[in-house]
Amino acid sequence: MSGFLDLSAGSAQKARRDEVRLRERLAAILDCPVERLALAISPDAARRALAGAGLDIDEDRAGEGALSLDRPAGDATTLVQVGPDAAPVTAIVFASAADADSLSGSLPGLPPLLVQAGLDALSPGARMKAVADRAERDRVLATLAARLGEEAGVAGASCVPEGLSLDIADQAATRLGLGLEVRDGRAIAHVEDAAAARALAQHLGVSASLRAASVRRTTKETDIALAIDLDGEGASVSTGVHFFDHMLEQIARHAGIGLQVSCEGDVEVDAHHTIEDVCLALGDGLRQALGDKRGIGRFGFALPMDETRASVWIDLSGRPYFRFDGSIPGERVGDFPVEMAPHAFRSISETLKASIHVEVDGENAHHLIESAFKAFGRALRQAIRIEDDALPSTKGVL
C-alpha cells in the first residue's frame with residue numbers, strides 16, 4: 001500500500017489537472033506548443049466554433065480517429081480526433097497561439113469522462129491497437145475489393161479512407177442487402193474497423209481470410225497491445241524488459257511472422273507481470289490468427305547454439321499442456337529473470353491452447369534462454385505453415 005494518500009484536491013480540481021495532462025500529452029505527440037491547442041467535445045463542435053470565429057480549417061483529420069495522431073500537426077489549423085467515436089474528444093491545433101486565445105472562451109470545458117477517454121486513447125497500447133486494427137481492416141478490404149467482381153459480381157471496387165467505394169446501383173445494393181452512401185456517382189460502404197471488414201466479407205460470401213490478429217490486454221499491472229501476421233514479416237517490440245524484447249524478436253524472425261508489441265508494465269516492481277502478460281497476449285494472438293487451423297502443419301520441432309542444445313516440440317491441438325526439461329544457471333540475464341524462461345512458454349501454451357515441450361542443455365544462461373526462444377520460433381514456423389486445405393486432425397476439429 002502506498003505510504004502517501006493525496007487528498008489535496010477535490011473532483012473539480014482533479015478534472016482540471018487531467019485536462020491539463022491531456023493537453024500536454026497531445027502537444028508532445030503532435031509536436032506543437034500547448035498554447036496552440038484547444039479541446040472540443042466533438043469534431044462537429046470544433047468545426048462550429050471555428051466557423052463562428054471566421055477561422056478556416058487547413059487540415060481535417062477527424063475522420064482518421066487515432067491514426068490522425070501519427071503525424072505532427074505542423075503550422076496549419078488542424079482538427080484531430082483524440083477519443084473513440086463514442087467519446088470523440090477533438091483537438092484543435094491552431095496556426096498560432098493568438099488564434100487559440102481568440103477562441104478559448106467559446107469552447108466549454110470537457111466533462112471528466114471525456115477527458116479520461118481521451119487520456120486512455122493516447123496510451124501507447126491504445127494507439128498501437130488502433131493502428132494494427134486499421135492495417136488489418138485495409139488488408140481485408142484490399143482482398144475484398146480484388147475479389148468482389150469475381151465472386152459477388154460487384155465491379156469497380158476500391159479502398160477509400162471510409163471503407164470501400166463501389167460501382168453499384170441502388171437496386172443491386174438492395175439485392176445484396178447493403179445500405180450504402182451515394183457520393184459523386186459512387187456508393188460508399190462505411191467500414192470502420194477490422195471486425196466490420198470481416199463481417200462484410202462474410203455477408204457477401206467472399207473469401208477474404210487473413211492470418212492476422214490484434215490483441216489488447218489491460219490489467220492493473222500491464223497495458224499491452226499486440227499485432228501478429230502469420231504471413232507477414234518484421235518485428236517492432238517494446239516491453240520495458242530489453243532482453244525479453246530481443247527474445248520476442250527472435251521468435252518473429254525464426255517463425256517467419258510479423259509481430260508488433262507495446263507494453264507499459266510495472267517493471268519497477270518486477271519483470272514478472274510484463275513477461276507473463278505479454279506471453280499470454282502472444283498465445284492469444286497466435287490462436288486467433290490461426291483461425292480454424294485448416295491446412296496447417298500442426299506439429300513442429302527443432303537447434304544447436306554453440307555449446308547449447310534446445311529442442312521444442314509443438315502440437316497446435318487446442319489443448320494446453322506444457323513441459324520444461326533442463327536447468328538454467330544464475331538469476332538474471334540482463335534485466336530478464338532466469339526463472340521466467342519456462343514461465344514464458346507456459347503462458348503462451350495456456351492461451352495458444354497448444355502442447356509445448358521445451359528441452360535445454362548447456363552451460364551459458366544467455367545461450368540456453370536464447371536457443372529456447374529461437375527453437376520455439378523454428379518449431380512454430382513448421383507448425384503454422386500451410387501445407388494443404390485439410391484440417392490436420394481425424395477429429396474434424398482442432
Quick check against the 3.5 Å criterion: does [X] have a side-chain atom that pairs as donor or acceptor with the backbone of [Y]?
X: Ser236; Y: Gly234; value: no
X: Arg217; Y: Val278; value: no
X: Arg139; Y: Ala212; value: no
X: Arg287; Y: Lys353; value: no
X: Thr351; Y: Leu280; value: yes
X: Asp335; Y: His242; value: yes
X: Asn364; Y: His367; value: yes
X: Asp184; Y: Arg186; value: no
X: His203; Y: Leu176; value: yes
X: Arg21; Y: Leu119; value: no

If the condition is side chain to side chain contact (heavy atoms under 4.5 Å, CB included), which residues does Ala197 pass it with, not counting sequence neighbours?
Arg137, Val140, Leu141, Val191
Could you check if a side-chain atom of [X] sits within less than 4.5 angstrom of a side-chain atom of [Y], using non-hydrogen atoms only?
X: Phe324; Y: Val360; result: yes
X: Glu181; Y: His190; result: yes
X: Ser317; Y: Arg298; result: yes
X: Arg346; Y: Glu350; result: yes
X: Asp325; Y: Val358; result: no
X: Leu316; Y: Ile384; result: yes
X: Thr90; Y: Asp44; result: no
X: Leu226; Y: Asp284; result: no

Do other residues, nucleotides or ligands put more than 12 heavy atoms under 6.0 Å from the [atom1] atom of [X]?
X: Glu192; atom1: CD; result: no
X: Ile386; atom1: CD1; result: yes
X: Glu331; atom1: CD; result: no
X: Arg332; atom1: CZ; result: yes
X: Glu162; atom1: CD; result: yes
X: Glu387; atom1: CD; result: yes
X: Glu339; atom1: CD; result: no

His254 vs Phe373, test: ring-ring contact (aromatic ring centres under 6.0 Å, His included). Steps then yes/no.
CA-CA 9 Å; His254 290 279; Phe373 276 89; over 10 Å; no
What's the separation between atom [atom1] in [X] and atom [atom2] in [Y], rounded to the nearest 0.5 Å?
X: Thr274; Y: Asp223; atom1: OG1; atom2: CG; answer: 10.5 Å
X: Phe322; Y: Ser347; atom1: CZ; atom2: OG; answer: 9.0 Å
X: Gln202; Y: Leu204; atom1: CD; atom2: CG; answer: 10.5 Å
X: Leu259; Y: Arg253; atom1: CG; atom2: CZ; answer: 12.5 Å
X: Glu307; Y: Glu363; atom1: CD; atom2: CD; answer: 5.5 Å
X: Thr143; Y: Asp138; atom1: OG1; atom2: CG; answer: 10.5 Å

Stepwise salt bridge (Lys or Arg N to Asp or Glu O under 4.0 Å) check, Asp266 with Lys220:
CA-CA 9 Å; Asp266 58 351; Lys220 291 182 178 180; over 6 Å; no
In the single-linkage hydrophobic clustering (I, L, V, M, F, W, Y; side-chain heavy atoms under 4.5 Å), do [X] and [Y] co-cluster?
X: Ile29; Y: Leu39; value: yes
X: Leu164; Y: Ile188; value: no
X: Leu110; Y: Phe94; value: no
X: Met128; Y: Leu248; value: no
X: Leu55; Y: Leu107; value: yes

Got a salt bridge between [X] and [Y], using NZ or NE/NH1/NH2 to carboxylate O under 4.0 Å?
X: Arg198; Y: Glu136; value: yes
X: Glu370; Y: Lys374; value: yes
X: Asp99; Y: Arg36; value: no

Which atom of [X] lies closest to which atom of [Y], heavy atoms considered:
X: Arg211; Y: Ile296; value: NH1-CG2, 3.9 Å
X: Arg25; Y: Ser123; value: NH2-CA, 3.9 Å
X: Ala117; Y: Pro84; value: O-CD, 4.4 Å
X: Leu178; Y: Leu200; value: CD2-CD1, 3.8 Å
X: Ala372; Y: Val312; value: O-CG2, 3.8 Å
X: Thr77; Y: Ala95; value: OG1-N, 3.3 Å

I'd like to know whether Thr239 forms a side chain to side chain contact (heavy atoms under 4.5 Å, CB included) with Ile224, so could you lay out the CA-CA distance, the side-chain angles of the two residues, the decisive distance to 0.1 Å, and finally the verdict.
CA-CA 9 Å; Thr239 68; Ile224 298 163; over 6 Å; no
Working for side chain to side chain contact (heavy atoms under 4.5 Å, CB included), residues Leu79 and Ile92:
CA-CA 5 Å; Leu79 288 193; Ile92 308 173; 3.7 Å; yes
Measuring centre to centre across the rings, with the benzene-like ring taken for any Trp, is Phe376 within less than 6.0 Å of Phe345?
yes
Sorted by chain and residue number, the ring-ring contact (aromatic ring centres under 6.0 Å, His included) partners of His272 (sequence neighbours excluded) come out as His343
Could you tell me which residues satisfy ring-ring contact (aromatic ring centres under 6.0 Å, His included) with His366, sequence neighbours excluded, listed by chain and number?
Phe243
Just do the side chain to side chain contact (heavy atoms under 4.5 Å, CB included) check on Ile369 and Met247 with the steps written out, would you?
CA-CA 8 Å; Ile369 296 172; Met247 294 304 98; 4.2 Å; yes
Met340 and Val241: side chain to side chain contact (heavy atoms under 4.5 Å, CB included), yes or no, with the steps?
CA-CA 12 Å; Met340 288 303 296; Val241 183; over 6 Å; no
